[in-house]
Enquirer: 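Sending over a structure as structure tokens; questions will come in a sec.
Note on naming: letters A, B, ... go to the chains in the order of the sequence lines (proteins, then strands), and numbering restarts at 1 for each one. Keep in mind that the numbers below use all heavy atoms, side chains included, and drop hydrogens, waters and symmetry copies.
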Amino acid sequence: MSTDLPVLSPKDFASDQEIRWCPRCGDYSILAQMKKVLPTLGIPKEKFVFVSGIGCSSRFPYYMDTYGFHSIHGRAPAIATGIKLAQPGQQVWVITGDGDALSIGGNHLMHAIRRNVDLKIILFNNQIYGLTKGQYSPTSPTGKRTKSTPMGSVDHPLNPLSVALGSEATFVARSVDVDIRHLTSVLERAAHHKGTAFVEVYQDCNVFNSGAFSFATDKKVKQDNIVYLEHGKPLIFANGSKGIRVNEGSRPEIVDLDGSVQEDDLLFHDEKVAEPSLAFMLARMRYPEFPEPMGVFRAIEKPTYDEEVNQQVEDAIAEKGEGDLEKLFNRGDTWEVK
Amino acid sequence: MSSTVDVPEAEKQGEGKKKETVETVVVRFCGDSGDGMQLVGTQMTNVSAVYGNDVSTLPDFPAEIRAPAGTLAGVSGYQLCFSNHDIFTPGDAVDTLVSMNPAALKTNVADLKRGGTLIVNEDAFDKSNIAKATYESNPLDDEDMLQPYRVHKVPMTRLTRDAVEGLGLTVREADRCKNFFALGLIYWLYERDATPTEEWVKAKFANKPEIQEANLRALRAGYNFGFSTESFTVHYHVEPAQLPPGKYRKLTGNEATALGLITAAKLADRGLFYAGYPITPASDILHELSAHKNFNVKTFQAEDEIAAMSAAVGAAYAGQLAVTASSGPGICLKGEAMGLGMITELPMIIVNVQRGGPSTGLPTKTEQADLLLSMFGRNGESPLPIVAAQSPGDCFHAVQDAMNIAVNFMVPVVFLTDGYIANGAEPWRIPTQEELKPIEVKHQTEPNGDGEYLPYKRDEKLARPWAVPGTPGLEHRVGGIEKADVTGHVSYDPENHEYMVKLRARKVAGIENFIPDQKVDGPDSGDVLVISWGGTYGAVRTAARELQSAGKSVSHAHLRFLNPFPKNLGDIISRFKHVLVPELNMGQLRMLLRDRYLVDAKGLNKIKGKPFLISEVVEAIEKML
């Protein structure tokens, strides 16, 4: 890559389109952090593609002055796969929501992840259908009262991180819209990961599901309700007063760091362990029983799908030579008519 | 079977058997789906093609991979017609029927000509198989039923076992060679040179010498059986056909589609991206393309039809020649993403290898009932160009025409074939480099509007520019929401929407200025004009020519371009008293023609999962004369 890249700033990534999200929507923050992260990557602007499906979050590409595709409901991972296979040199981001990714597009999400296509998938989870004005989503808690569930939803919600891990994701992370510094660092990590990076962002829909994540954002309580993951470090929260330990039943438990338990007894995070059980256990820790982990759950290396697909093309050319129509037409039994 | 006795030739045969020279022969192999009928049919096609006959084939197999052995549901057949002149169909009636079991006899014997040759494996006519075929008694004892045919009861199972004795094969392995015995017998009967088949067996079983030897022995045993036994007193000679000069090979429709796509990409000097989900009868396109990655072909077996279509849209946005293929049920799933391709005005090809519908319908049988789906099967006003191939070899050329339209007009194109031409094979004249039509693709590299890039600013054909991610300075967004004219920004403006809907329609309609005028086979005015499209070409052309030879006022127009229609089609129609539209559906093209030209077109419609017989078309035309 050339050494004299133009120095870019967040505003270079802002398009001229008026942003039409509701005032104080959590999406604004995610957009702002994205614009901050991209100029730090040393990648020219034309090398980014943002692909989205349908939903409030999926307006995102219009607000970025990069290549972008606002597609159809649920299909962004499949469209992004086509783009990445065609142009492996592009950095391709998928912007999606809980309905888009986990309901109508569940199949594509799962398959993009298991193939390890080099896509950065950012799932804005607001636990509601915002664009269609407030029906419950596949991540809404059971009992959720909405327009379509006046007596409360009887559906059981999906855990996005469990879905990603179950699909053999190589990179899984979680952050919150208003935790600006943390979100920036997670987006940065995702950008640098080679393979599918799956990031769940807790995002407040202040119109239809306001405060769904206040346990993780309210400054008065959040230290007790979330635990930051750091590779190689023990899981400690509540201003250092509590930790997570794995008990004899191989289950996580909260322990008080009052002297009876040593730091060494706590669970140490290892995002690089090949076996996904630890990441899965962390993903299952849900408020209010547990503090919810924030950060990178898993980051392992594996060949990417786009790399291997393109490698096969190169291998075929190396083995058989550049395609020659004459040879192709004359394969097999031929005969001459005079 | 028209024939002349050729005595001197016959005398050259040591056994003194009579040899007749015939022009055209129809042979059908049928048996259980585990009997290897498709294999021997393909081999017979190869050797006939290599010998120089014109060939047309009709494979016919059950949807079940292994239906219970011996049952009517499990019967698999392969019909081929070979001739000393050019032919367009696999033939109406069968001259020689090879039947490997009672079920195959029951389901096929009605198609055998009176006086035709019936060869049966009499060893398979045991109580159990006879019962499974729902015969009450052994049909081989039914003199009345067999009376119209020249019947040869051959103990193929026993003779095959004898032939392979000493090779250490299990009985099961030995019995699996009996299809080659049958093939050998047919090779003798029609004087075929078995060399290509022997080469094939040698290569196929190179790692299994005993199986290789067994199949070769079975083939020879079958040949020698015909040669030496008294049962067969006559065999047949078919001269090579006088096809246009050139080099030929045998090609199925799906192979031709794949080759055509590779050729288009090569001519356009762009990568070919193919996304598909396995579905009968389209999967062979994926198989064929994935074998040619050295042509810069990327194949993507997607998780479902929707993903395949979506990935094609993505790859088109990223500048590749994007293709997906499927059949009816899959095309239904692709509908929404096809609409996305339409509104984002990206070039791509959607291949629909039509099969019997609705729903799962008849997956392995042919039909032409997706024309209206192609025309109207998307939400909103979403016209797409439609191109249909007429024969297996024509898929090669027609799919290139489709690609040419796609890249010139920046539009997804529906390319229609059907199970009959996709699986059928015919000799294909290998084109020379000079005969290949260039395909020009331009990617926008510079701003086109006062320093900025306007993705919906159009050229004289109303096509928008194609700027590819990675191009500095042309960053832009596309999407499924209505576009503002020129800028491509999101627009909910009512005037703009109506304008854009009409603009897209006008662009597609304007393709009529790009495609060739419609040709008519026969006089350009008269009593009856027969209009057909797609895989019915062979039967309709043959029928029309037969009647023309008999002095009837009949002309034939076979449509390749179904949307838009060729500019002169209305004129042509107006010069005939009657219009007949034969279709393997309830009258879909007829509906479009009646709508567009206000013509009182009549239909000949067949919905049986089978192609037209020539005689059916002849009869329908005669009724209108």
Enquirer: Considering only heavy atoms, which portion of B:Thr344 lies under 4.5 Å from any heavy atom of chain A: side chain, backbone, both, or neither?
Expert: side chain
Enquirer: Heavy-atom distances under 4.5 Å only: say whether A:Phe50 touches chain B with side chain, backbone, both or neither.
Expert: neither
Enquirer: Below 4.5 Å, heavy-atom pairs only: which of A:His73, A:Lys47, A:Lys45 has the largest tally toward chain B?
Expert: A:Lys45
Enquirer: Tell me whether B:Arg249 contacts the main-chain N or O of A:Phe329 through its side chain, where contact means a donor paired with an acceptor under 3.5 Å.
Expert: yes
Enquirer: Less than 4.5 Å to any heavy atom of chain B: does that hold for the side chain of A:Met64, its backbone, both, or neither?
Expert: backbone
Enquirer: What heavy-atom pair brings B:Gly314 and A:Ile83 nearest, and what distance separates the two atoms?
Expert: O-CG1, 3.2 Å
Enquirer: Select one option (side chain, backbone, both, neither) describing which atoms of B:Pro427 are under 4.5 Å from chain A's heavy atoms.
Expert: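 Interface part for B:Pro427: both.
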Enquirer: Using a cut-off of under 4.5 Å for heavy-atom pairs, which of A:Lys84, A:Arg59, A:Glu319 has the most such pairs with chain B?
Expert: A:Arg59
Enquirer: Answer with side chain, backbone, both or neither: which region of B:Phe396 has an atom nearer than 4.5 Å to a non-hydrogen atom of chain A?
Expert: side chain
Enquirer: I'd like to know which of A:Ala76, A:Ala318, A:Ala316 tops the heavy-atom pair count under 4.5 Å against chain B.
Expert: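 Ranked by contacts with chain B, first place is A:Ala316.
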Enquirer: Give, as side chain, backbone, both or neither, the part of B:Val468 having an atom under 4.5 angstrom from any heavy atom of chain A.
Expert: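 When you check distances to chain A, atoms from both the backbone and side chain of B:Val468 fall under 4.5 Å.
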Enquirer: Judged by atom type as modelled, is there a donor-acceptor pair below 3.5 Å linking the side chain of B:Asn294 to the main-chain atoms of A:Gly321?
Expert: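 Present.
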Enquirer: Between CZ of A:Arg331 and NE2 of B:His292, what distance do you get to the nearest 0.5 Å?
Expert: 4.0 Å
Enquirer: If I measure from the heavy atoms of chain B, does A:Glu336 come under 4.5 Å with its side chain, its backbone, both, or neither?
Expert: both
Enquirer: Measure B:Lys266 against the heavy atoms of chain A and call it side chain, backbone, both or neither at under 4.5 Å.
Expert: side chain
Enquirer: Select one option (side chain, backbone, both, neither) describing which atoms of B:Ala291 are under 4.5 Å from chain A's heavy atoms.
Expert: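 B:Ala291 touches chain A through backbone heavy atoms alone.
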Enquirer: Does any backbone or side-chain atom of B:Ala307 lie under 4.5 Å from a heavy atom of chain A? Answer side chain, backbone, both or neither.
Expert: both
Enquirer: Report which part of A:Val313 has an atom under 4.5 Å of a heavy atom belonging to chain B: side chain, backbone, both, or neither.
Expert: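 The answer is both parts of A:Val313.
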Enquirer: Return yes when atom CG of A:Asn330 has more than 12 non-hydrogen atoms of other residues, nucleotides or ligands closer than 6.0 Å, and no otherwise.
Expert: yes
Enquirer: For a side-chain contact (heavy atoms from CB on, under 4.5 Å) check, start with the C-alpha distance between B:Ile430 and A:Glu326, then their side-chain angles and the critical distance, and finish with the verdict.
Expert: CA-CA 9 Å; B:Ile430 296 169; A:Glu326 200 76 20; over 6 Å; no
Enquirer: Answer with side chain, backbone, both or neither: which region of B:Ala337 has an atom nearer than 4.5 Å to a non-hydrogen atom of chain A?
Expert: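 Interface part for B:Ala337: both.
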Enquirer: What orientation do A:Phe69 and B:Tyr317 show, parallel under 30°, tilted 30 to 60°, or perpendicular over 60°?
Expert: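 Correct class here is perpendicular.
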Enquirer: Atom OG1 of B:Thr487 and atom CG of A:Asp16: how far apart are they, to the nearest 0.5 Å?
Expert: 9.0 Å
Enquirer: Heavy-atom distances under 4.5 Å only: say whether A:Ser71 touches chain B with side chain, backbone, both or neither.
Expert: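 Both backbone and side chain of A:Ser71 come within 4.5 Å of chain B.
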Enquirer: Considering only heavy atoms and a distance below 4.5 Å, find which of A:Ala86, A:Ala78, A:Gly68 pairs most often with chain B.
Expert: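 Ranked by contacts with chain B, first place is A:Gly68.
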Enquirer: Might you point out which heavy atoms bring A:Trp335 and B:Ala49 nearest each other, and give the distance in Å?
Expert: CE2-O, 2.8 Å
Enquirer: State, to 0.1 Å, how close B:Gln301 and A:Arg115 come at their nearest heavy-atom pair, and which atoms those are.
Expert: O-NH2, 3.5 Å
Enquirer: Determine the minimum heavy-atom distance between A:Val337 and B:Leu243, stating which atoms define it.
Expert: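 Closest approach of A:Val337 to B:Leu243, heavy atoms only: CG1-O, 3.1 Å.
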Enquirer: Please check if the number of heavy atoms outside B:Tyr277 that lie under 6.0 Å from its OH is greater than 12.
Expert: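 At most 12 heavy atoms, drawn from other residues, nucleotides or ligands, come within 6.0 Å of this atom.
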Enquirer: Between B:Lys298 and A:Leu85, which heavy-atom pair has the shortest distance, and what is it?
Expert: NZ-O, 2.9 Å
Enquirer: Quick one: what part of B:Trp428 sits under 4.5 Å from any heavy atom of chain A, side chain, backbone, both or neither?
Expert: side chain
Enquirer: What part of A:Glu314 gets closer than 4.5 Å to chain B, counting heavy atoms only: side chain, backbone, both or neither?
Expert: neither
Enquirer: Give the member of A:Asp65, A:Thr81, A:Asp315, A:Ile54 that has the highest number of heavy-atom pairs under 4.5 Å with chain B.
Expert: A:Asp65
Enquirer: Between B:Leu436 and A:Leu325, is the side-chain contact (heavy atoms from CB on, under 4.5 Å) condition met? List the steps.
Expert: CA-CA 11 Å; B:Leu436 301 174; A:Leu325 289 179; 4.0 Å; yes
Enquirer: Side chain, backbone, both or neither: which part of B:Leu321 has an atom under 4.5 Å from a heavy atom of chain A?
Expert: neither
Enquirer: Closest heavy-atom contact between B:Thr471 and A:Glu46?
Expert: O-CB, 3.6 Å
Enquirer: Counting distance only, does the side-chain N/O of A:Gln312 pair as donor-acceptor with the main-chain N or O of B:Lys293 below 3.5 Å?
Expert: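 No, because the side chain of A:Gln312 does not come within donor-acceptor range (under 3.5 Å) of the backbone of B:Lys293.
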Enquirer: Answer yes or no: does atom NZ of A:Lys327 have more than 12 heavy-atom neighbours from other residues, nucleotides or ligands under 6.0 Å?
Expert: no
Enquirer: What part of B:Glu303 lies closer than 4.5 angstrom to a heavy atom of chain A: side chain, backbone, both or neither?
Expert: both
